[in-house]
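Working notes, beginning with the structure itself.
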2 protein chains.
Amino acid sequence: MADVKIQVNPLFLREEELRQALELLFFGYRDFTAEPDRLLAEKGFGRAHHRVIYFVGRHPGLAVSHLLGILKITKQSLSRVLGQLVEEGYISQRPGERDRRQRLLELTDKGRDLERQLTAAQTELVARAYRAAGAEAVEGFRTVLLGLINEKDRERFLDPGRGSFE
Amino acid sequence: MADVKIQVNPLFLREEELRQALELLFFGYRDFTAEPDRLLAEKGFGRAHHRVIYFVGRHPGLAVSHLLGILKITKQSLSRVLGQLVEEGYISQRPGERDRRQRLLELTDKGRDLERQLTAAQTELVARAYRAAGAEAVEGFRTVLLGLINEKDRERFLDPGRGSFE
DNA sequence: GTAGAAAAGTCAACATGGCTGACGTAAAAA
DNA sequence: TTTTTACGTCAGCCATGTTGACTTTTCTAC
C-alpha cells in the first residue's frame, strides 16, 4: 500500500527517462565524433575512413570480408574508402597465407600515425568523462551500452579472447 | 608502497579500457539507429528527417533557428528535409506571436504518429537494456554520456526546467 | 522614422558515403 | 572439373552534409 505513492505516474517518468536516454545518445555521439571529424576533414577524409583505419589498426591482418562484417556496409562503399587509404599509403594489403584470395589489411607507419591521432582525440574525451564519473559509473555505462548492441556483436565484448569477426 | 602492485601496467589496461569504450559507442549507436532507419526508409525518409521529427515533437513551437542550434547543421541542409516534412503534412508552421519573423514548428497528427513509431522502436531497445542493467548501471550510463557532451548542451540536461535552445 | 540586424527562405553547385546491379578474376572447395 | 568464395570494378542513384550569394519580412536601436 505504501508503495503506491512511489508509483505516482510511473508511465510519465519512464517515458521521460527513456527520452532522455535517446537524447544523451544523440548528443553524446555527435560530440564524440566531432573532433576526429575535424582532423579527418583536414586530410580530405571522412568518418568512413576513420572507421576503416580504426578497425584495421585494432585487428592487423584483417580480411576485407571481416571488415565488411564489422561495418555492415557494402563492398562497393568500402572499396571507395579503402582504395583511397591504400593509394595514399595509410593501409597496406598482402595476400592471405592459408587463403590467397584474401587481401589482409594492415596500417602502414603513416596509417598508424593517423590512427593514433584520431584515437587519442576520442580516448581523451572518454577518459575525462570516465574520471569525472568514477569507476562505478563506468561499469554502468558499459553494461547499458552493451545491452544496446545486437547479440552477435555483443559476444565479442563478453568474450574478448577471440576477437575475430566471421 | 603497497599501491605499486595495483598499478601493474596501468597504461595497457587504460588503453584497452578506453578503446573498448570507443567500440561500445560505435556499435551501440549503430544498432540504436538501425530500427528507425528501416522504418524511415519505408517512407522515403532518412535519419535527418528523424531528428527533425524528434526535436519538433519534443519541443512543440520550436523556432527554426533553435532547431538549427540543436542539430548543428546549415539552414540549407535543414530546409530540404524540413520542406519535405511540411509538404507531406508531418509538420505544420505558424508565425511567432511575439516575433512574426519566426516560423514555429509543430507536429501534425500524422507527424505525431510517425514520431511515436520511431521513438517507440528506440525506447523499447533502451528499456530492455535498462531493465537488464539495473538502476545503478543506468545512473552510471547517464553520468558518463553526459560527460561526453559539450558543456553548453550539457546544461540542458542538468537544468531541464528551461528546455530552450538559444 | 529610418538604418541595420535578424529570422527565414531560396537557388546553385559540390562532396561524402551510403545503395543497387552487373560483371570479372583468381583461388579454394566440392 | 565444376561451383563457390573473396575481392575488385564500373556505372549510376540517393540522402545529407557543405559554401556562397541573394531576397523578403520583421524587429530593434538610434
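Every value quoted in this text rests on a predicted model; they were computed, and no experiment measured them. Throughout, a chain's letter reflects where its sequence line sits, starting with A, and its residues are numbered from 1.
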Phosphate OP1/OP2 of D:dT5 contacted by A:Ser65 side-chain N/O (<4.0 Å): no
Length of the CZ-C1' vector between A:Phe45 and C:dA15, whole Å: 14 Å
Between D:dA6 (P) and A:Leu62 (CG): distance, integer Å: 14 Å
Base of C:dG18 paired with side chain of A:Arg80 (donor-acceptor, under 3.5 Å): yes
Whole angstrom value for the distance that separates P of D:dT16 from CG of B:Leu82: 13 Å
Parallel, tilted or perpendicular: ring planes of A:Phe26 versus B:Phe55, cut at 30 and 60 degrees: tilted
N-O pairing of B:Arg154 and B:Glu151 below 4.0 Å: no
Whole angstrom value for the distance that separates P of D:dG12 from CD of A:Gln76: 15 Å
Salt-bridge contact A:Glu16-A:Arg19 (side-chain N to carboxylate O under 4.0 Å): no
side-chain N/O B:Ser79 vs C:dG9 OP1/OP2, d < 4.0 Å: no
Distance, rounded to the nearest Å, where A:Gln102 contributes CD and C:dT25 contributes C1': 16 Å
From OG1 (A:Thr119) to NE2 (A:His50), nearest 0.5 Å: 5.0 Å
Closest non-hydrogen atom pair between B:Tyr130 and B:Arg142, with its separation: OH-CG, 4.1 Å
Within residues 84-101 of chain A: residues closer than 4.0 Å to DNA chain C (heavy atoms): A:Arg98, A:Asp99, A:Arg100, A:Arg101
Neighbour count >12 (heavy atoms, 6.0 Å) for atom CD, A:Glu136: no
Interatomic distance, B:Arg47 CZ vs C:dC19 C1' [rounded to whole Å]: 14 Å
Proximal nucleotide (of D:dC7, D:dG17, D:dT9) relative to the A:Ala63 side chain: D:dC7
Length of the CG-C1' vector between B:Asp37 and C:dC19, whole Å: 13 Å
Whole-Å distance separating the CG atom of B:Leu78 from the P atom of C:dA7: 15 Å
Under-4.0 Å side-chain N/O to phosphate OP1/OP2 contact, A:His49 with C:dT16: no
Shortest non-hydrogen contact between B:Val144 and A:Ala133, atoms and distance: CG2-CB, 3.7 Å
Residue-phosphate contact under 4.0 Å: B:Thr74 side-chain N/O, D:dT18 OP1/OP2: yes
Per B:Val64 side chain, nearest of listed nucleotides C:dA8, C:dG18, D:dG17: C:dA8
